[in-house]
Structures are given as C-alpha cells and as structure tokens.
Amino acid sequence: MNPPHPRRTQGLVALAASLLLTACATTAPPTGNGRTPDTESTTTTPATPLPEAVSAPSAPAQPPAAEAAGMPVDPLRPEVQIDIDDAASRADLWVRVRNGFAMPDLDNELVRKHEQWYASRPDYVERMTSRGGRYLFHIVEELQKRGMPAELALLPFIESAFNPKAMSVAKASGMWQFMPATGRDFELRQNMFRDDRRDVLASTRAALDYLQRLHNMFGDWHLALAAYNWGEGSVQRAIARNEKAGLPTDYLSLRMPDETRNYVPKLQAVKNIVSRPADFALTLPPLQNHPYFLSVPIERDMDVALAAKLAGMSASDFADLNPQMNKPVILASGTPQILLPYDNANAFLHNLRRHEGALASWTAWVVPRTMKPADAAQQVGMGESELREINRIPPRMLVKAGSTLLVPRSPQRQSDVPVHVADNAAMLLAPDVPPLRRVALKAGKKGETVASIARRYRVSPAQVAQWNDVGSGARFKAGSQIVVFVPNAVATTRTASAAKTVKPSQKAIAAVVTKASKAPVKRVAKASPPVRSKAAKSTRVAGTGGSKSTDRSGLRVAEGPGSVRR
C-alpha cells in the first residue's frame, strides 16, 4: 500500500470504525433534488491492446480494495467523536445562524428591492436553501472558530446560489466564485485533474482567509464585502476620492459599480429572509446542527463512477460534494479525500471491502516527445477520437513533450499517479501545420499592393505589411522585392504578378514562426517571420471542465455577472 498521506493521519487516528457505524443511523438531510441513487454506474477498460513498444516492468501486486480508503471523519473536528444523536446535533441550524449575526444592518430601498425579488420566487429560494443545506454547517463551524459574523455563511447565496460547480462569464468558479489568479494566491490548485476553486473545503478556507484579510485592511465588514466583489484596490481608491472631497467613507457613501452597490443589500435581503421567513411568505427547509458530510481519506487512485457507485449515490449527487474533479478518476496523491453524507460514507466503506477487481481504469501518462494525437493514442492503446475527447485536444494541434494525458490503465501502467504529476499536470499544445519557408518575390511592372499580395496568399494585410516593413495600405514599386511566408509544399514563382494563385491556410501561416533567411532583403525589416496569432502560441490547457452558471431549473445561479475582483 502507498504510504499514508500526512494530512490523513490525524483523522485516521482520531476515529474508530465502530464509532462511525454506531452513529450513522440518522438519515442525512434532504438534498432537495429528488434524485434516486444511481446503482448501475459502471467503468470500462479499453479493449485495444498496447503495442509492445510501450511495455514496462510489471507493477507489484496491489493491496486489497479494503485498504483503498481510511475511516471517515468530520473534516472540521477530526478529534471529536461523532454522535449525531446528541441533542445539540438535532437543533435547528437556522437558529444557530441567526444567533451568530453580528454585522450592522442596512435598511434602504435596494434592500427592499432584493427582498421583493426573492419573495416573488419561492421555488428558487427553496432550491437555493436546500442546496445550501449541504454546506452551511461546515461554513458556520469555520466562521465560529474564527470569530467571524455568521452573515458570511450566506454569501454563497449571492455569489453562486450555493452551486459549487457555478462558472461565471468572467471565469470565476465555485461556490465562492474565485477567479483563477486570486484562487492561486490563496493556494487553490488548478490543473487538468482538479480545480480547488470548486472544492467545498478548500474554497471555503480560502474565501474566509480572504475576507479576514479584507476586514483587517478596512476595519469594516461592509467595506470588506465591497472589496471582495470589486477588489481592494478599487475600494481604496474610492475611499481616497471621498477623503479628498471631504465626504464620508462608509459603504453607502462610496461611488462604485452597480454590481458592488447592490452586493451588500442583496446579502442583507437574504439575512432578513433567514431571520423572518414568515414575513416574506417563505419557508426554509429544516437543517440539523450536525455535519451533512464526512471526509473519507482516499489511499488509492479510484474511478469517480466507481466511488459514487460504492457510496450508493448518483454521479450528480456525488459531484455536488466533490465538484473539484476535472477527470473521471480520483488521484489519491492529488485528492486525498472525498466528501460523503453520513449514511453514504458507511455504505462506501462496506461496499469497498467487498469490491473485487480494479479500482481505477484511468491513469496519467507524461508525453515523452511532441507528437500527433493519433500517434499518442496508438502508443497508449486507445482510439484517437477517445483520446481527444477525454483530454479535450482541439483539432489540428500537436501534443507537446512534457504534457500529461489521461489514458487507460494497462498491465504496463498499474501504479498510482505520483504526487508531482497529480499536482502539476498540464497539457501543452502547438499547431499541427506544415513548416513555413520565406520566399522573396518581385513586384510586377504595374506594381503590387499589400492587399493584393495578402489576397493572393490568403494571409492578412497586416502580416504582409509586417513582413515587408511597410504600411498595410502600401503599394510596392515595380521590381521591388516582397517577402511572404508559405508552407514548404507550396510552389511559387519569382514574380508576384506572374505567380500562380496559391491558397495556403492563413491560420497555418499565422501559426508557425519560421526563421528568416540570413541574407537581408530590400524593404524587409529584420526579415520578420509571420505574425503569431493567439492560436499559434503553445496553449496551456488546465482542463477546467467549467459548468454553466445555472441551477437545474435553468435559472442563473449567480444573480450578477462574474465579479470584478476575483
């Protein structure tokens, strides 16, 4: 068995199996989605045999499946014995939330507007609060440990309607809507196998770290929330403008975008509804004051579909608690735990002990050299279309050396994926186009224009202008030399006016930078290679697998566009 991950040791020591199995009799809170468990999920192993060229020494025998996971623990309190029959655990979680409110209230027309918006949509509020019930206990526990106001537990209602798979138009992702760069600033790893911005535990930790930092910076929770939405630099500049003008610097007095202007009033509206739901003719779903989920340490790589099946959950319900997975396999070295409801954690361990056969049908393969997807597929024993689909490889692209691809497990590739691959997996792509060569032409007697050369070779006038150090509307003098870049296979003549019409792809010419001839050419500055288009750059693909920012009814789960700051 692989050595246990250090982050799992505390939980494994803290909790014995008998305690969990005794405590798991209480039914978990409703999910609100009406799904039935998917008990028919299966995994498949590609039938295509691997070529002999990629054979490797046989891996040592793997430990039994029962050793592939540790005992479940409460991820917030691994040292505490689980007893959900305790009286405190049966208390209403909403009461605990209300008792923790500590921010000053806002009372203005914007608050009334958003109260009315929610009150007129009871079905939306019911879906949103039921979905939030999976995560609220965890967030409230974290807030209480940090001494932060309980209102912040309601912030994901505003950010994502508590959808951890939400993706905004600005590419903010997860329940707390982190932009990629801000996520990396708060140690939320994003690679082809996982996106921690969607991880329930990691994103909550990062969001509360960020909010604490902002509160320390501004000394005011409303200003901290404005900075969470708009960016601390923007709020600081708005405060400085008001100070210079002798105006107040509180949240309501600052000049800010409409989205930020409405941000705290939306949160206040949700707070008022949670405080007095009957005043708005709304009913909140009952939530018990104990964890909805447990953390189950993962010791071996395992297919996502198999984990969900062993837990007696549908793929969708499993993803609601483990939305950070970008690929159909859980890498033990990169994802040390999965989250499961109480009863499902019990079922997972029970079924895992009885499971026979492989745990994972997928693994990671580091590409040894730049190659076509078809060649890579042949080397790993799978079809090209399947390789392209599972790794999201666009057409007409090469996979560069050092890239990590998801490929089927085989007798030659049985070992679990190592930490350095799981944590740094990326795919580097380059255009699959013929190599280009530089061709010098002479303008005909009547002269040639940049536009006419561009039309003839199916490139942009800007490219021809750059290659020849002239303006995009220039005309070449008769007999002057002109430079173009064409694929090696294209035949050309020495005179532009007499040249046969050739049709090399504009994308091909724009995509590859070739070295110019050593001999200088008249009117060519630096014998420049073709302009690189965005498609020409080696594209680093993180495999985010972003979800649309809608709930299951088709409504947008976030009420505003992606925030400016994150």
> Given the side-chain rings of Tyr292 and Tyr135, with only the six-membered ring counted for Trp, is the space between their centroids under 6.0 Å?
Replying inline: no
> Could you give the distance from OG1 (Thr363) to CG (Leu331), rounded to the nearest 0.5 Å?
Replying inline: 7.5 Å
> Which of these passes side-chain contact (heavy atoms from CB on, under 4.5 Å) with Phe348: Asn344, Asn346, Leu352?
Replying inline: Leu352
> Val367: what forms a side-chain contact (heavy atoms from CB on, under 4.5 Å) with it, not counting sequence neighbours?
Replying inline: Trp365, Met371, Val399, Ser403, Leu405
>> Rounded to the nearest 0.5 Å, what separates atom CG in Asn163 from atom CE in Met175?
In response: 10.0 Å
> Considering all heavy atoms of both residues, which atom of Leu387 and which atom of Ala377 are nearest to each other, and what is their separation?
Replying inline: CD2-N, 3.6 Å
> Mind checking what makes side-chain hydrogen bond (donor to acceptor under 3.5 Å, both in side chains) contact with Thr449, not counting sequence neighbours?
Replying inline: Ser452
>> Test of understanding: with salt bridge (Lys or Arg N to Asp or Glu O under 4.0 Å), list the residues that count as partners of Asp199, not counting sequence neighbours.
In response: none
>> For Asn351, give me all partners under side-chain hydrogen bond (donor to acceptor under 3.5 Å, both in side chains), at least two apart in sequence or on another chain.
In response: Arg354
> What's the shortest heavy-atom distance between Leu398 and Pro431, and which atoms?
Replying inline: CD1-O, 3.9 Å
>> If the test is side-chain contact (heavy atoms from CB on, under 4.5 Å), which one of Thr404, Thr335, Asn424 qualifies with Phe193?
In response: Thr404
>> Is there a side-chain contact (heavy atoms from CB on, under 4.5 Å) between Asp301 and Leu359? Walk through the geometry before answering.
In response: CA-CA 7 Å; Asp301 292 357; Leu359 292 171; over 6 Å; no
> Does Ala319 have any side-chain contact (heavy atoms from CB on, under 4.5 Å) partners at least two apart in sequence or in another chain, and if so, which?
Replying inline: Lys165
>> If you compare all heavy atoms of Arg413 against all heavy atoms of Pro408, which two are closest, and at what distance to 0.1 Å?
In response: NE-O, 4.0 Å
> Stepwise, does the side-chain contact (heavy atoms from CB on, under 4.5 Å) test hold for Val483 with Arg438?
Replying inline: CA-CA 7 Å; Val483 170; Arg438 176 180 170 278; 3.7 Å; yes
> Sequence neighbours excluded, which residues qualify as salt bridge (Lys or Arg N to Asp or Glu O under 4.0 Å) partners of Asp209?
Replying inline: Arg146, Arg205
>> According to side-chain contact (heavy atoms from CB on, under 4.5 Å), who are the partners of Ala207, at least two apart in sequence or on a separate chain?
In response: Trp176, Phe178, Tyr228
> Is any side-chain heavy atom of Phe318 closer than 4.5 Å to a side-chain heavy atom of Leu340?
Replying inline: yes
> By salt bridge (Lys or Arg N to Asp or Glu O under 4.0 Å), which residues pair with Glu187, not counting sequence neighbours?
Replying inline: none
> Residues two or more places apart in sequence or in another chain: which of them pass side-chain hydrogen bond (donor to acceptor under 3.5 Å, both in side chains) with Asn322?
Replying inline: none
> Where is the tightest heavy-atom contact between Val304 and Lys327, given as atom of each residue plus distance?
Replying inline: CG2-O, 3.7 Å
> Out of curiosity, Arg396 CZ to Leu429 CG, how far, rounded to the nearest 0.5 Å?
Replying inline: 13.0 Å
> CZ/Arg184 to CG/Asp196 distance, rounded to the nearest 0.5 angstrom?
Replying inline: 12.0 Å
>> Please find the pair of heavy atoms, one from Gln190 and one from Arg197, that lie closest to each other, and give the distance.
In response: OE1-NE, 3.5 Å
> Passes side-chain contact (heavy atoms from CB on, under 4.5 Å), His355 versus Leu306? Steps please.
Replying inline: CA-CA 10 Å; His355 178 74; Leu306 176 62; 3.8 Å; yes
>> Under the salt bridge (Lys or Arg N to Asp or Glu O under 4.0 Å) definition, can you give me all pairs with a residue in residues 417-436, not counting sequence neighbours?
In response: Arg189-Asp423, Arg194-Asp423, Lys372-Asp432
>> Please enumerate all residues that pass side-chain hydrogen bond (donor to acceptor under 3.5 Å, both in side chains) together with Thr370, with sequence neighbours excluded.
In response: none
>> I'd like to check the salt bridge (Lys or Arg N to Asp or Glu O under 4.0 Å) partners of Arg213; sequence neighbours left out, ordered by chain and number.
In response: Glu232
> Any side-chain donor paired with an acceptor under 3.5 Å for Asn229 and Glu259?
Replying inline: yes
> At their closest point, which heavy atom of Pro373 faces which heavy atom of Ile393, and how far apart are they?
Replying inline: CG-CG2, 4.0 Å
>> If we count only N and O atoms by modelled type, under 3.5 Å, do the side chains of Gln177 and Ser160 hold a donor and an acceptor together?
In response: no
